[in-house]
Amino acid sequence: MSLDQSSPKETKQKGSLLAKIINILFIIGLIVGLYWAYQYVADQAQNTPENENTQQEQQQEEEQQSEKNEPSTNVETVTIRENTQSRTAMQKVGTVVPYKKAVLSAEAAGILQNFTVEQGDTVKKDDTIVTVSDSVGTKVAEINYETAKKSLENAEESYQSTEQSVAKDAETAALGVENAQLNHDNAIQSYENLEQTLEEQIRSAKLGVQAAQLALQSAQEAYFNTEATSSRSANNTAQQALTGINAALSLVDSSAESVRALLVMQPMLGEDVSFNDMEYLSDTVDDVRDAYHDIRDDYYDIDHTDITKTKEIIDDTLTLLEETQEMLYDAKDIIDDAQDNENLQTLDTSYNTLLSSIDQSKNSLVMSSQTLETMTLNSQLQPEGSMAQVEMAQQQVAAALQQLKQLEETRDSQLDNARHGIKLAEQQIESAQNQYESVKAKGQLQKLGAKSQVNSLEGQVDIAKANVDGTVLTAPFDGIVLKTFMDEGNYVNPAQKIATIADMNKVYITVSVTTEELSFIKLGQKVTINAPGAIEKEGSVTKVIPNVDPVSKKVTVKIVIPNEDNALLSGMFADVYFRDTQSPKQIISIPFKSVVFEENNPYVFLVENDKAVKTPIAPGEINGDSVEVIEGLQSNDIIVTTGAKHISDGDSLAY
């Protein structure tokens with residue numbers, strides 16, 4: 001049963017086909033009628049009175065003989081099998097159009113030369129089709145192209161220069177961030193060194209107070225028993241002096257490390273700082289470190305009861321403190337000469353603190369030296385002189401307490417100054433980072449502007465190049481020259497058509513369908529086409545144009561068909577068979593020659609027990625030499641094919 005809703009033209013074609021079938025059936029019916037008329041006349045002739053008895057006898061004999069040995073008719077049969085097929089949903093007539101088509105037009109005025117192709121020629125992509133030359137427009141296009149290329153070269157050089165400048169500015173700003181971070185690290189280190197130094201000084205001062213108090217106690221005891229306590233007092237005083245020496249050596253060590261921090265920053269000090277000064281300062285640091293290690297070794301080796309040796313170490317330590325102070329003053333002079341001394345204020349503050357601490361340490365050592373000297377003299381005096389030792393010890397206690405108080409009072413202010421230096425360094429880091437981000441953003445804008453100029457000029461160059469290339473028309477793709485509009489030597493104007501090229505390796509077949517028929521069409525649906533010349537191909541639906549023609553009220557469907565053999569030509573008509581989009585069904589299909597028609601009622605002969613059984617059927621679609629059977633048969637039935645028109649119901653069969 002067909003679902004086709006055809007156009008008037010298609011309806012007319014189908015009507016013509018139906019008329020032919022009716023005529024054929026009429027002729028067959030006429031032949032059958034003549035045959036039966038002939039049989040009727042023959043029967044009438046045989047049924048005359050004189051032959052009636054003879055015929056009855058013959059008939060009885062034939063029936064008896066048939067019952068004894070009934071003859072079998074030779075026929076061919078086939079066993080019915082179900083098969084899977086997709087039924088045709090709709091048939092239409094479509095038009096073949098190229099898959100791709102390009103119209104080559106002149107882009108500049110001129111004369112056509114070197115027309116290399118003719119209608120029907122095959123061309124490859126980028127093949128030269130024709131040249132348009134000897135035109136003023138072409139010369140202008142070439143001049144514009146050269147000018148655009150020169151402008152592009154200048155813009156590219158400007159972009160490269162801008163890129164290099166931006167990179168250099170960014171590098172400088174990044175170096176500023178690194179220097180600020182280095183200053184911040186130095187400020188933190190100076191704070192930690194200062195804090196450690198002050199703690200050492202306070203600890204040393206406390207020890208000095210304790211030593212002075214012990215010395216006072218010792219002097220008081222000596223007042224009552226000079227001989228018994230003189231040795232103990234000397235040991236305590238020597239211990240106090242050694243404690244002061246240890247504190248002084250810690251100051252020397254901290255000072256050397258602080259000066260080394262300045263030496264590390266030599267690259268950022270500027271040209272005003274003398275290389276010789278830095279070299280001399282480096283040598284001084286080495287000398288101070290060497291003397292420091294020598295005194296430290298003597299300090300560890302000394303016998304704490306050896307007052308004379310202790311006094312010698314005090315003198316050496318005082319000399320080392322003097323050298324350390326000179327070293328710090330030299331370092332401060334270098335900071336003063338530096339170009340960017342604002343970033344070195346933290347070190348300068350640290351040096352001032354160390355100088356102050358060294359002065360205090362020197363005073364403490366001088367006092368210890370004097371005490372040892374006094375104890376040496378007292379050991380030579382009579383016990384009556386022990387009272388003077390008591391008074392001196394009292395003075396030492398007072399001096400030690402005063403020194404401790406002064407250190408504790410100045411500690412907070414010195415640490416506040418150091419913390420302020422850290423804060424300033426943090427602000428410098430933030431400022432340097434902001435500067436870096438600003439330089440980056442500004443540079444990015446400059447680069448974008450320069451790149452935009454390059455891109456714009458590249459577009460102009462492309463346009464100018466296209467104008468120049470427009471004088472040589474080439475094939476945009478592989479294809480066939482469908483038509484040429486001009487001949488070689490013709491003068492053309494811009495936009496005037498010259499040739500049409502089409503890609504025919506695959507083609508579209510366009511079909512117009514009603515909106516009701518769209519229900520039978522799906523994207524990707526398989527399609528079979530038949531075209532003149534016994535051309536049969538398969539394709540698929542690729543496009544349904546979403547637009548209803550205002551006149552015909554139909555929609556255009558495009559079907560892609562492979563056409564590597566170029567059998568389908570542009571403009572050719574083809575019958576298009578849309579397959580049912582539903583799932584394929586199991587159907588019964590039999591040879592068309594096995595169907596017998598009796599007064600337009602079709603039937604076949606089943607084979608049952610080697611006899612013919614007349615079986616009516618309901619036929620469906622005819623496909624070539626086969627016909628679909630909708631009702632009357634089932635799988636595995638055996639039917640007569642060849643010879644079906646020469647047997648009757650009940651005939652014995654041989655097959």
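This one's a predicted model, so the numbers in the text were calculated from it and none came from an experiment. We count residues from 1, following the sequence as given.
Shown here for I521 and V557, the closest heavy-atom pair between the two residues is CD1-CG2, 3.9 Å. Listed here is the closest heavy atom pair of Y491 and Q496: O-OE1, 4.2 Å. Q213 and V397 make their closest contact through N-CG2, 3.4 Å (heavy atoms, listed as atom of the first residue, atom of the second, distance). The two residues L104 and P476 have their closest heavy-atom pair at CD2-CD, 4.1 Å. Closest approach of D315 to S369, counting heavy atoms only: OD1-OG, 4.1 Å. Across every non-hydrogen atom of V454 and L152, the tightest pair is O-CD1, 3.6 Å.
Every residue two or more places apart in sequence or in another chain that forms a salt bridge (Lys or Arg N to Asp or Glu O under 4.0 Å) with K149 is listed here: E146. Partners of S452 under the side chain to side chain contact (heavy atoms under 4.5 Å, CB included) rule, at least two apart in sequence or in another chain, do not exist in this structure. Residues satisfying the side-chain hydrogen bond (donor to acceptor under 3.5 Å, both in side chains) criterion with S368, sequence neighbours excluded, are absent altogether. Checked against salt bridge (Lys or Arg N to Asp or Glu O under 4.0 Å), K309 has the following partners two or more places apart in sequence or in another chain: E312. Taking the side chain to side chain contact (heavy atoms under 4.5 Å, CB included) definition, one finds that P494 meets it with A109, sequence neighbours left out. Listed by chain and number, the residues in a side chain to side chain contact (heavy atoms under 4.5 Å, CB included) with N154 are K150, E157 (sequence neighbours excluded). Partners of Y351 under the ring pair (Phe, Tyr, Trp, His ring centres under 6.0 Å) rule, at least two apart in sequence or in another chain, do not exist in this structure. Legend: residues meeting side chain to side chain contact (heavy atoms under 4.5 Å, CB included) with T484, ordered by chain and number and at least two apart, are F115, V481, A499.
You'll find the side chain of N183 stays beyond 4.5 Å of the side chain of T346, heavy atoms only. Two residues are said to be in side-chain contact when any heavy atoms from C-beta on lie closer than 4.5 Å; I313 and I302 meet this criterion. Taking 4.5 Å as the limit, some side-chain heavy atom of V103 sits within range of a side-chain heavy atom of S105. Looking at heavy atoms from C-beta onward, Y508 lies out of side-chain contact with V96 at the 4.5 angstrom threshold. V507 has its side chain out of reach of P98: every pair of non-hydrogen atoms, C-beta onward, lies at least 4.5 Å apart. Taking the side chain as every heavy atom from C-beta outward, V117 and V123 approach each other to under 4.5 Å. Q119 places none of its side-chain heavy atoms less than 4.5 Å from the side chain of L482. In this structure, K101 and D503 have side chains that are not in contact, with every pair of non-hydrogen atoms separated by 4.5 Å or more.
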*For side-chain contact (heavy atoms from CB on, under 4.5 Å), just list the numbers for I501 and I129, CA-CA rounded to whole Å, side-chain angles, deciding distance to a tenth of an Å, and then say yes or no.*
CA-CA 10 Å; I501 296 176; I129 304 301; 4.1 Å; yes

*Take Q403 and S364 through the test side-chain contact (heavy atoms from CB on, under 4.5 Å) and record every step on the way to the result.*
CA-CA 8 Å; Q403 181 183 3; S364 177; 3.9 Å; yes

*Could you give me the CA-CA distance, side-chain angles and deciding distance for L321 and L365, then say whether side-chain contact (heavy atoms from CB on, under 4.5 Å) is met?*
CA-CA 10 Å; L321 289 174; L365 289 177; 3.7 Å; yes

_Intermediate values then yes/no, side-chain contact (heavy atoms from CB on, under 4.5 Å), L415 and L198_ = CA-CA 9 Å; L415 291 177; L198 291 174; 4.0 Å; yes

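Geometrically, K125 does not engage F477 in a cation-pi contact defined by less than 6.0 Å to the ring centre and at most 45° from the axis.
Remark: the backbone N or O of L407 is paired with a side-chain donor or acceptor of T410 at under 3.5 angstrom. Under the 3.5 Å distance criterion, the side-chain polar atoms of S204 are left unmatched by any main-chain donor or acceptor of E200. D121 places a side-chain N or O within donor-acceptor distance of the main-chain N or O of E118, the cut-off being under 3.5 Å. Q402 places no side-chain N or O within 3.5 Å of a backbone atom of A399 that could act as its donor or acceptor partner. Side-chain atoms of N186 come within 3.5 Å of backbone N or O of L182 as a donor-acceptor pair. With T128 contributing its side chain and V130 its backbone, the two residues share no donor-acceptor pair below 3.5 Å.
Between Q370 atom CD and Q395 atom CD the span is 10.0 Å, to the nearest 0.5 Å. Considering NZ of K206 and CD1 of I202, their distance stands at 6.5 Å, rounded to 0.5 Å. Going from atom CG of N566 over to atom CG of N505 covers 6.0 Å, rounded to the nearest 0.5 Å. Q201 contributes atom CD, which lies 3.0 Å from atom OG of S357 (distance to the nearest 0.5 angstrom). We find the CE-CD1 distance between M367 and I314 to be 11.5 Å, quoted to the nearest 0.5 Å. Rounding to the nearest 0.5 Å places OG1 of T162 at 12.0 Å from NZ of K451.
Salt-bridge formation is not detected for the pair D127/K124: no Lys NZ or Arg NE/NH1/NH2 atom is positioned less than 4.0 Å from an Asp or Glu carboxylate oxygen. Ion pairing between a basic and an acidic side chain is recognised when a charged N comes within 4.0 Å of a carboxylate O; E408 and R411 show no such pairing.
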Side chains of residues 425-438: which donor-acceptor partners sit under 3.5 Å, not counting sequence neighbours?
| residue | atom | partner | partner atom | Å |
| --- | --- | --- | --- | --- |
| Q428 | NE2 | N343 | OD1 | 2.9 |
| N434 | ND2 | E430 | O | 3.2 |

Contacts table for residues 323-334: side-chain donor-acceptor under 3.5 angstrom, sequence neighbours left out:
| residue | atom | partner | partner atom | Å |
| --- | --- | --- | --- | --- |
| T324 | OG1 | L320 | O | 2.8 |
| Q325 | OE1 | K362 | NZ | 2.9 |
| Q325 | NE2 | D359 | OD1 | 2.5 |
| K332 | NZ | D348 | OD1 | 2.9 |
| K332 | NZ | N352 | OD1 | 2.7 |

Can I get a per-line list of side-chain donor-acceptor pairs under 3.5 Å for residues 245-265, giving both atom names and the distance, sequence neighbours left out?
| residue | atom | partner | partner atom | Å |
| --- | --- | --- | --- | --- |
| N246 | OD1 | R296 | NH1 | 2.8 |
| S250 | OG | N246 | O | 3.2 |
| D253 | OD1 | R289 | NH1 | 2.3 |
| S254 | OG | T197 | OG1 | 3.2 |
| S254 | OG | S250 | O | 3.1 |
| S255 | OG | L251 | O | 2.8 |
| S258 | OG | S254 | O | 3.1 |

Which atom pairs, one a donor and one an acceptor, fall under 3.5 Å between side chains of residues 278-285 and the rest of the protein, sequence neighbours left out?
| residue | atom | partner | partner atom | Å |
| --- | --- | --- | --- | --- |
| T284 | OG1 | Y280 | O | 2.9 |

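Using modelled atom types and a 3.5 Å distance limit, the side chains of Q189 and D185 yield no donor-acceptor pair. Inspection of the T131 and Q113 side chains reveals no N or O donor paired with an N or O acceptor under 3.5 Å.
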